[in-house]
Structure formats: C-alpha cells, structure tokens
There are 2 protein chains.
Amino acid sequence: MADTLSIVSWNINSIRFRIGIVEQFLRETQPDILCLQETKVIDGDFPTAPFKALGYRHIVLHGQRMHHGVAILSRVPIEEDDRLDWQANREARHVGVRLPNGWRLENVYVPAGGDVPDREVNPKFGQKLDFVERMTRWSESLDCPTVLTGDFNIAPLESDVWSHKQLLNTVSHTPVEVEALNALQASNSWVDLGRRFHPAPARLHTWWSYRSPDWTVNDRGRRLDHMWATADVAASATRHEVFEHCRNWLKPSDHIPILTEFAL
Amino acid sequence: MADTLSIVSWNINSIRFRIGIVEQFLRETQPDILCLQETKVIDGDFPTAPFKALGYRHIVLHGQRMHHGVAILSRVPIEEDDRLDWQANREARHVGVRLPNGWRLENVYVPAGGDVPDREVNPKFGQKLDFVERMTRWSESLDCPTVLTGDFNIAPLESDVWSHKQLLNTVSHTPVEVEALNALQASNSWVDLGRRFHPAPARLHTWWSYRSPDWTVNDRGRRLDHMWATADVAASATRHEVFEHCRNWLKPSDHIPILTEFAL
DNA sequence: GCGCCATCGG
DNA sequence: CCGATGGCGC
C-alpha cells in the first residue's frame with residue numbers, strides 16, 4: 001500500500017453494457033478501489049477479466065439477475081466481510097470488505113423509492129425508508145474505522161439538487177427521506193466527505209436523469225451518491241472529486257463517479 | 001435512363017437498424033433500383049432522407065409495424081402500380097411499380113413458413129404454400145415485360161443449399177415447396193436470372209443463418225433470394241451478381257444483396 | 001431516456 | 001443469433 005488510498009463509488013447501470021467506459025475511467029483516474037452499484041449481473045457473468053488486466057485483481061461481488069447488484073474491485077488486497085440483506089428480501093444492495101489497514105469499506109445501493117413520495121400509495125417509497133432505517137440500526141453498532149459509500153438515492157441538502165423548491169415533493173429530496181438520511185448519518189457520526197471538501201451551498205451533483213435529451217440543459221442534477229466516513233477515517237481524507245465529464249461520454253451512466261483520497 | 005438498368009434485391013432485416021450499411025452498399029455499387037424486404041417499419045417512419053441524399057428520389061413503400069414490409073427505391077422514375085395482398089391478411093409482402101420503359105417490377109417477400117415442414121402441425125408452413133399458390137394464379141395473368149424479385153424463402157435446386165440431403169426436410173428446401181415454386185416459375189415461364197448467369201451446379205447462396213456464430217464455418221448457405229424475369233426482359237440481362245462480402249459487414253443482414261443488370 | 005428480460009418471428 | 005416489442009424499474 002502506498003501512502004495514499006483512493007476510493008471511487010459509481011452507479012454504473014449495467015457493468016456489462018458499460019465495461020468500456022469503466023476501463024477508460026480506470027486508466028484515466030487509477031483509483032485504488034472502485035465500488036460499483038447497479039451492476040445488474042449475476043456473479044458468474046461479471047466481466048472480471050478487464051479489471052484484472054488493469055491491475056484490479058481483488059474482486060468482491062454481490063450481484064443478482066436483472067436489478068441492483070454491487071461490487072468492489074481493488075488493486076490493494078481486500079477481504080470480503082459481509083453481504084448484508086437488511087430487508088431479508090434477497091436484493092443485492094450491500095457488500096462490505098476489510099482493507100489492509102483494518103478499515104472497513106461498505107458499499108450500498110439504497111432503493112430508489114418509486115415515483116410517488118407516499119408510503120401508503122407507493123410501497124416502494126416505504127421500502128426505501130425502511131431500508132434506511134434498518135441501515136441506521138446496523139450503523140449504530142459499527143465500532144471500527146469505516147468508509148460508507150454508494151448510491152444513497154437521497155440528496156439531503158438544498159444545494160444537492162438543482163431546485164430545492166421544485167423537488168421538495170420529488171422522491172430523493174423529500175423531507176421524510178432527508179430526515180431518515182440524517183438519522184443514519186447521526187447514528188455513527190458519519191462525516192459527509194463530499195460536503196467536507198465542497199461545503200454547501202456549493203453546487204455538487206452526481207446524477208442527471210436520462211429523460212432529458214441534453215443533461216446540461218438547465219443542469220438539473222442531484223447529489224445521490226455519497227462517500228461517508230467515521231471521524232477517524234475522515235481525518236485522513238485529503239480530497240474529494242466528482243467526475244462530471246463522464247456524464248458526457250458515449251452511452252454514459254446517469255450517475256458519475258465520485259472519489260475520495262485518504263492519506264495513510 | 002442510361003443504356004443499362006441495374007436492379008438489386010435485398011432482405012435487409014430492419015431498414016432502420018441497417019440504414020448505414022445500405023448507404024455503404026449504394027455508394028459502392030450504385031444500382032439504379034433497390035428492392036428491399038423485411039423493412040420492419042411503417043411508411044411514416046421509413047428513413048427516406050439518406051436515400052434521397054444518394055439520388056434515390058423515387059420511393060415506393062409498403063410497410064407495416066414490426067414485421068415484413070417491402071420498398072422500392074430508385075434513381076430512375078418509377079410509378080406505383082399495386083400493393084397486393086394475395087392472402088387478404090394485411091401482411092405487407094408485395095409492392096409493384098412501373099419502370100420508364102414500361103416494364104413492371106414486382107418485389108415480393110414470401111412467408112418464411114415456420115420450422116416444421118408440415119401443413120397440419122404448422123399453419124405457417126401451410127400459409128407459405130398457399131401464398132406461393134396465390135402468387136401463381138396472379139402470375140399466370142401477367143402479360144407485360146416483368147421483373148419479379150425478392151426473398152422467396154425457397155431454395156429450389158440442389159446446389160442452392162449447402163447440403164441437399166441434410167436439408168430435404170428443412171423448410172425452404174422441401175420437395176413440396178420446390179414443387180410450388182416450380183409451378184410459380186412455369187406459370188409465366190419466368191427465367192431464373194441467378195441460374196442463367198451462374199448455372200447449376202455452381203454454388204450460389206444469398207442467405208446464411210445468424211444462428212451460427214461464424215457464417216463462413218462450413219458455409220451453410222442457401223439461395224433464398226431470386227431475380228426472375230419474363231423471357232423478353234431476360235433476353236436483355238447482361239449480368240447477375242451476389243454480394244457475399246456484405247455478409248461480413250458489421251451488424252449484417254442474414255441475407256446479401258443480389259443484382260441483375262439489363263441492357264436497354 | 002435507457003438496460004434488462006420475455007416473447008415472438010426469422 | 002438477431003430485431004422488434006412490451007413491461008419493469010430507475
């Protein structure tokens with residue numbers, strides 16, 4: 001291990017479909033560890049060869065058919081810790097590993113929550129809130145230096161979305177979701193590294209919908225992807241970057257990669 | 001009109017998906033007239049602009065949603081004659097035009113006929129034979145110099161398939177289909193221009209299944225696409241070519257284009 | 001809008 | 001194997 005460690009999180013929306021741009025990103029940025037969400041592939045079909053060829057020989061997968069799926073690819077040794085199923089519904093939304101320095105790295109894909117922000121009308125919204133609550137119970141009991149990253153599907157701050165007012169009733173930015181996310185953050189005093197390095201009210205987005213033909217028009221982004229750390233780990237963070245140019249690539253993911261670097 | 005006229009027939013298996021290779025072919029070969037089958041698009045969505053840009057300004061369409069669909073694109077004036085529905089099932093399988101010299105040009109897409117060569121078990125096979133029989137009744141009454149071309153979905157001769165013996169019970173080469181096609185051919189003394197210029201037993205194929213990963217392995221082709229003409233028209237034919245290299249293009253059709261040139 | 005899957009027709 | 005479609009989830 002060198003004297004820094006860089007960790008990337010990226011919701012890739014099908015690793016098989018986007019393996020080419022992932023390779024491009026890795027060549028360009030050379031992070032030590034890549035956490036992926038929405039890999040959408042069973043472990044047996046995950047394209048490991050291109051990662052190995054680029055030096056990412058340590059691979060921990062938790063995939064499923066069709067939806068969801070997470071993975072951690074690393075050029076430093078990692079050891080699988082757990083693949084948690086907080087809702088006991090067999091959805092592949094978490095994988096955790098142990099890093100060489102003893103830190104834990106937790107990679108999470110929080111449910112999107114459907115369209116209607118109402119637990120009664122839309123069960124998916126209830127499932128999302130329940131998921132974050134169960135994560136909170138789990139988080140409370142963690143007692144180790146930890147990085148918690150992934151697609152949380154919630155943009156908590158006003159400056160995390162292109163228009164706070166217009167999104168107050170839109171899933172990902174509703175008060176009840178923000179409250180749930182704040183409770184999760186408080187449960188282990190997680191440090192939000194994105195905002196640590198780019199404090200509000202700076203614009204900081206990680207996702208732009210596919211539904212608009214040109215994502216740059218009106219810049220209607222949201223910050224759905226996060227990198228959190230326990231205080232001890234956060235103290236060693238040296239920078240945090242978001243890679244907006246990846247949203248312009250051919251056949252892009254709707255999410256961009258985010259990176260945090262730590263001094264060791 | 002110059003002193004020659006060249007006519008191409010090509011089952012394109014989705015004109016929208018393959019518009020790029022069609023443009024490439026037209027630039028390369030510059031036929032006067034292009035007959036397409038399996039365009040798989042309603043007339044309103046047919047990509048006419050690329051054809052017009054290449055000089056094919058005379059366009060006669062007979063398409064439908066999803067399946068089938070035929071079209072004639074020409075750089076010499078053509079006039080729509082008819083869009084026949086022999087089976088009165090609204091399947092878009094024929095379009096006929098009149099050429100400047102008075103010839104008729106008939107573009108046909110014969111039903112494939114399903115997998116099992118048995119009218120009882122497989123209604124599609126019956127429909128195919130019925131289609132050819134109804135074409136035969138129509139053909140008998142034609143009384144004009146005519147070119148009849150398209151995807152007939154029958155390979156009549158032994159040398160029209162990669163293995164006569166192995167395909168005797170395979171739809172497209174069964175005796176009952178060959179008999180039906182022979183009756184059609186006899187009904188107006190159609191001259192088979194492919195075999196006029198490349199007489200049996202020469203290998204002459206126009207189709208290779210997608211199902212084999214490499215179409216060149218064992219060369220399991222069939223001659224399903226044909227260019228026929230009445231005797232008067234056939235007398236002026238100067239050459240007939242099949243363009244096998246198109247089967248190697250990126251994202252190819254499973255059929256290749258065939259061309260006949262006539263002296264005027 | 002965009003991927004995945006199932007199904008159909010080839 | 002390859003397109004088109006329709007439905008799902010995001």
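Only a predicted model underlies this, so the values are computations on that prediction, with no experimental measurement involved. Here is the naming used below: chain letters follow the sequence lines, and residue numbers restart at 1 for every chain.
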Per-nucleotide protein contact along nucleotides 3-10 of chain C, 5' to 3', at a 4.0 Å heavy-atom cut-off (B base, S sugar-phosphate only, - neither), is SSSS--SB

Contacts of D219(B) meeting side-chain hydrogen bond (donor to acceptor under 3.5 Å, both in side chains) (sequence neighbours excluded), chain-then-number -> R203(B), W208(B)

Write out all pairs satisfying side chain to side chain donor-acceptor pair (under 3.5 Å) with one or both partners inside residues 35-46 of chain A, taking only residues at least two apart or from two chains. S9(A)-Q37(A), N11(A)-E38(A), N13(A)-K40(A), Q37(A)-N107(A), E38(A)-Y109(A)

Check side-chain hydrogen bond (donor to acceptor under 3.5 Å, both in side chains) between T216(B) and all other residues, then give those that pass, not counting sequence neighbours. D214(B)

Sequence-distant partners of R195(B), side-chain hydrogen bond (donor to acceptor under 3.5 Å, both in side chains), two or more places apart: S159(B), D160(B)

Just to verify, what does H62(A) make a side-chain hydrogen bond (donor to acceptor under 3.5 Å, both in side chains) with, not counting sequence neighbours? none

Rounded to the Å, how far apart are W207(A) CH2 and dC2(C) P? 13 Å

At a 4.0 Å cut-off to heavy atoms of chain B, the contacted part of DNA chain D spans dC1(D) to dG6(D)

Donor-acceptor list for residues 112-121 of chain A side chains, cut-off 3.5 Å, not counting sequence neighbours:
unit_1, atom_1, unit_2, atom_2, d
D118(A), OD1, E120(A), N, 2.7
D118(A), OD1, V121(A), N, 3.3

Which residues pass the side-chain contact (heavy atoms from CB on, under 4.5 Å) test with P123(A), sequence neighbours left out? none

Does any residue of residues 164-177 of chain A have a heavy atom under 4.0 Å from DNA chain C, and if so, which ones, in number order? none

Looking at W162(B), I'd like to know if the NZ or CZ of R220(B) sits under 6.0 Å from its six-membered ring centre while staying within 45 degrees of the ring's axis. yes

How would you list, by chain and number, every residue that makes a ring pair (Phe, Tyr, Trp, His ring centres under 6.0 Å) with Y56(B), sequence neighbours excluded? none

In chain order, what residues pass the ring pair (Phe, Tyr, Trp, His ring centres under 6.0 Å) check against F125(B), with sequence neighbours excluded? none

